[in-house]
Amino acid sequence: MSVLLETSLGDIVIDLETEACPKTCENFLKLCKVYYYNLNAFFNVSKDFLAQTGDPTATGTGGESIWSFIASQQGKQAPRYFSPEFVPRLKHKHKGTVSMAVAPMVGDIKGGCGSQFFITLGDSIDYLDGKHAVFGHVVEGLDTLDKLNEVFVDQDGRPLKDVRIRHVEILDDPYPDPEGLVVPESIPTKPPDNSTRIAEDEDPLETLPEEEAEAIRRKRAAQASALTLEMVGDLPFANVRPPENVLFVCKLNPVTRDEDLELIFSRFGTIMSCQVIRDKKTGDSLQYAFIEFDKREDAEQAYFKMQNVLVDDRRIWVDFSQSVARLNKGWSNDVKLGPRMSRGGRGGRGGGGGFAGRDDLEETRRYRDDAPRGERDDYGMVFDVPEDGESHSSRGHGHKHRKRSRSRSPRRERERERERDRDRDRDRREKSPRRRDGQREREREDRYRHERRRSRSRDRYDHRDRRR
């Protein structure tokens with residue numbers, strides 16, 4: 001009685017000892033019949049020792065017998081393992097011996113055979129005799145075992161690249177099906193374990209042709225550049241695509257006007273906009289322009305027909321625009337016209353919300369100073385400072401206007417402290433007794449001088465009257 005295992009490294013044919021180990025062989029065959037082993041991984045490979053599989057979880061702790069599997073599908077309870085069948089004449093002498101892994105007893109759970117089995121990769125492994133139950137031998141596919149013996153594994157013995165049983169084909173089954181056995185209608189297509197290793201159908205050393213590799217590198221570089229431009233704010237979002245109906249025209253004569261280009265290119269179709277980009281300070285032409293057509297087909301026709309055409313004694317260059325500035329409804333800051341659309345309703349005549357020409361985007365704001373002018377109050381400082389006499393509890397009760405003050409520097413504080421000291425010294429000098437006495441003396445002298453002037457003036461007028 002034989003079983004064919006189709007693995008990712010090759011085919012393996014196993015002859016079963018059905019007469020010596022009937023229960024073990026029946027368990028193995030019926031698990032194969034319900035596709036239990038399909039896409040199972042070899043989770044433990046030891047060079048010149050063994051290769052273990054049969055655990056759907058690929059951890060070494062899973063798996064169950066066919067009778068436990070049927071009972072679990074029916075919602076019943078059944079022992080997970082069955083007692084191993086040890087046959088003295090069946091030993092681990094030769095390479096390719098197939099043996100059932102015997103689980104140890106854990107607590108009250110009795111150990112035994114479930115679904116896990118292994119294939120020996122070396123000869124004379126006698127110390128496994130009596131510990132694990134032999135039930136078959138590999139008769140074809142020893143070269144596959146040699147490949148399995150040479151795979152690279154990690155510190156736990158798990159192959160770095162998955163080696164899986166792709167399919168199991170039963171060549172002969174002498175046992176009747178157990179009661180309640182249901183064969184699935186379709187073969188599993190997804191591995192039962194969540195492996196993150198190299199897939200069994202993936203070649204990590206595979207090299208692409210130079211053209212394809214260069215295309216992939218350019219695509220990744222473009223994605224990285226787009227992400228960088230999004231981070232610095234030059235693009236509204238990284239996956240933005242330039243319009244397909246806009247042409248970029250360069251090498252223009254400085255005297256070429258918008259009307260001239262629109263007249264020349266209008267023979268290819270309806271033009272939505274045509275603008276020569278000019279310096280925002282001087283208004284001089286920068287010798288390139290953008291032309292937007294109503295249809296993409298018209299832009300393509302103009303691209304093929306107007307390439308290297310002579311316009312105003314200059315041969316122009318025409319290409320499809322890669323700029324996304326058109327999303328902002330304006331190519332430049334025109335000195336005369338101004339911006340055609342304001343971002344988020346800020347500082348322009350366009351009004352409305354959104355950012356970069358999209359209503360569902362909003363410009364990132366970090367501080368209150370970035371808010372629109374109409375929404376800012378007082379000085380637009382970062383921190384709110386309560387007014388004099390205002391308690392902390394009244395700060396959040398609907399006060400719309402609050403005083404804000406700048407944070408004070410140590411240098412300014414020192415200057416103010418010096419001024420206050422000078423004022424205090426001046427007041428102290430004015431209030432001292434010596435200061436008051438000197439002030440009284442000066443007042444007496446001033447009154448005495450004033451009285452002398454008045455008396456002199458009276459004597460002068462009296463002398464004049466006597467002479468008359």
Side-chain angles (χ1 to χ4, degrees), residues 211 214-230 232-280 283-343 348-350 352 354-361:
E211 296 180 357
E214 181 66 21
I216 293 176
R217 284 194 294 269
R218 289 184 177 181
K219 183 178 180 180
R220 292 176 178 174
Q223 292 175 350
S225 300
L227 185 60
T228 303
L229 293 176
E230 179 186 5
V232 300
D234 287 351
L235 291 180
F237 42 91
N239 58 348
V240 63
R241 296 184 60 184
E244 298 180 350
N245 60 332
V246 179
L247 292 181
F248 170 73
V249 183
C250 62
K251 297 184 179 180
L252 294 174
N253 195 310
V255 301
T256 303
R257 303 175 301 172
D258 302 349
E259 298 81 2
D260 301 336
L261 283 181
E262 186 173 1
L263 180 62
I264 295 172
F265 281 84
S266 61
R267 66 189 183 94
F268 299 103
T270 304
I271 294 179
M272 305 301 295
S273 65
C274 178
Q275 184 179 2
V276 176
I277 307 302
R278 301 181 179 278
D279 187 89
K280 64 179 181 179
D284 298 335
S285 172
L286 298 180
Q287 303 181 24
Y288 68 92
F290 294 93
I291 304 175
E292 180 183 4
F293 285 87
D294 185 23
K295 298 180 181 179
R296 185 186 64 179
E297 294 77 9
D298 299 338
E300 293 178 354
Q301 187 177 5
Y303 167 74
F304 289 112
K305 296 291 185 179
M306 295 300 295
Q307 186 67 261
N308 207 29
V309 172
L310 195 66
V311 176
D312 292 336
D313 296 333
R314 294 286 183 91
R315 294 201 175 273
I316 63 175
W317 179 267
V318 182
D319 201 349
F320 284 95
S321 173
Q322 299 300 312
S323 173
V324 295
R326 189 57 177 167
L327 296 176
N328 293 331
K329 305 299 182 184
W331 294 111
S332 64
N333 296 327
D334 197 321
V335 179
K336 300 178 181 179
L337 299 179
R340 296 188 179 185
M341 179 181 177
S342 63
R343 297 187 174 185
R349 298 171 296 174
F355 174 67
R358 292 173 59 100
D359 295 335
D360 56 344
L361 296 179

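Treat the numbers as computed from the prediction; the structure is a model and nothing was measured.
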Using salt bridge (Lys or Arg N to Asp or Glu O under 4.0 Å) as the criterion, list what pairs up with R257, not counting sequence neighbours. D260
Is a donor on one side and an acceptor on the other found under 3.5 Å between the side chain of N245 and the backbone of F293? yes
Here the gap from M272 atom CE to E262 atom CD, rounded to the nearest 0.5 Å, amounts to 11.0 Å
Where do F265 and V318 come nearest, in terms of heavy atoms and distance? CZ-CG2, 4.4 Å
Do I316 and N308 have side chains that get closer than 4.5 Å, going by heavy atoms? no
So F320 and V246, do their side chains get closer than 4.5 Å, heavy atoms only? no
Would one find more than 12 heavy atoms of other residues, nucleotides or ligands at under 6.0 Å from atom CZ of R217? yes
When rounded to the nearest 0.5 angstrom, what distance separates CG in L261 from SG in C274? 4.5 Å
CD on E300 to CZ on R296, rounded to 0.5 Å: 5.0 Å
Quick check against the 3.5 Å criterion: does T228 have a side-chain atom that pairs as donor or acceptor with the backbone of A224? yes
Note: P254 and S285 closest approach over all heavy atoms is O-CB, 3.6 Å
Mind checking the CZ-CG spacing from R278 to L286? Nearest 0.5 Å is all I need. 9.0 Å
Test of understanding: with ring-ring contact (aromatic ring centres under 6.0 Å, His included), list the residues that count as partners of F248, not counting sequence neighbours. Y288, F290
So K295 and E244, side-chain contact (heavy atoms from CB on, under 4.5 Å) or not? Walk me through it. CA-CA 9 Å; K295 298 180 181 179; E244 298 180 350; over 6 Å; no
Distance-minimising heavy-atom pair for S321 and P242: O-CB, 3.6 Å
Could you check whether any side-chain heavy atom of L247 comes within less than 4.5 Å of a side-chain heavy atom of E292, counting everything from C-beta outward? no
Distance-only, no hydrogens or angles: does the D312 side chain make a donor-acceptor pair with backbone N or O of R314 under 3.5 Å? no
Heavy-atom donor-acceptor pair, Q287 side chain to N253 backbone, under 3.5 Å: no
Measuring from Q223:CD to R218:CZ, what's the distance to the nearest 0.5 Å? 14.5 Å
More than 12 foreign heavy atoms under 6.0 Å from CD of E211: is that the case here? no
Report the distance from atom CD1 of I291 to atom OG of S266, rounding to the nearest 0.5 Å. 10.0 Å
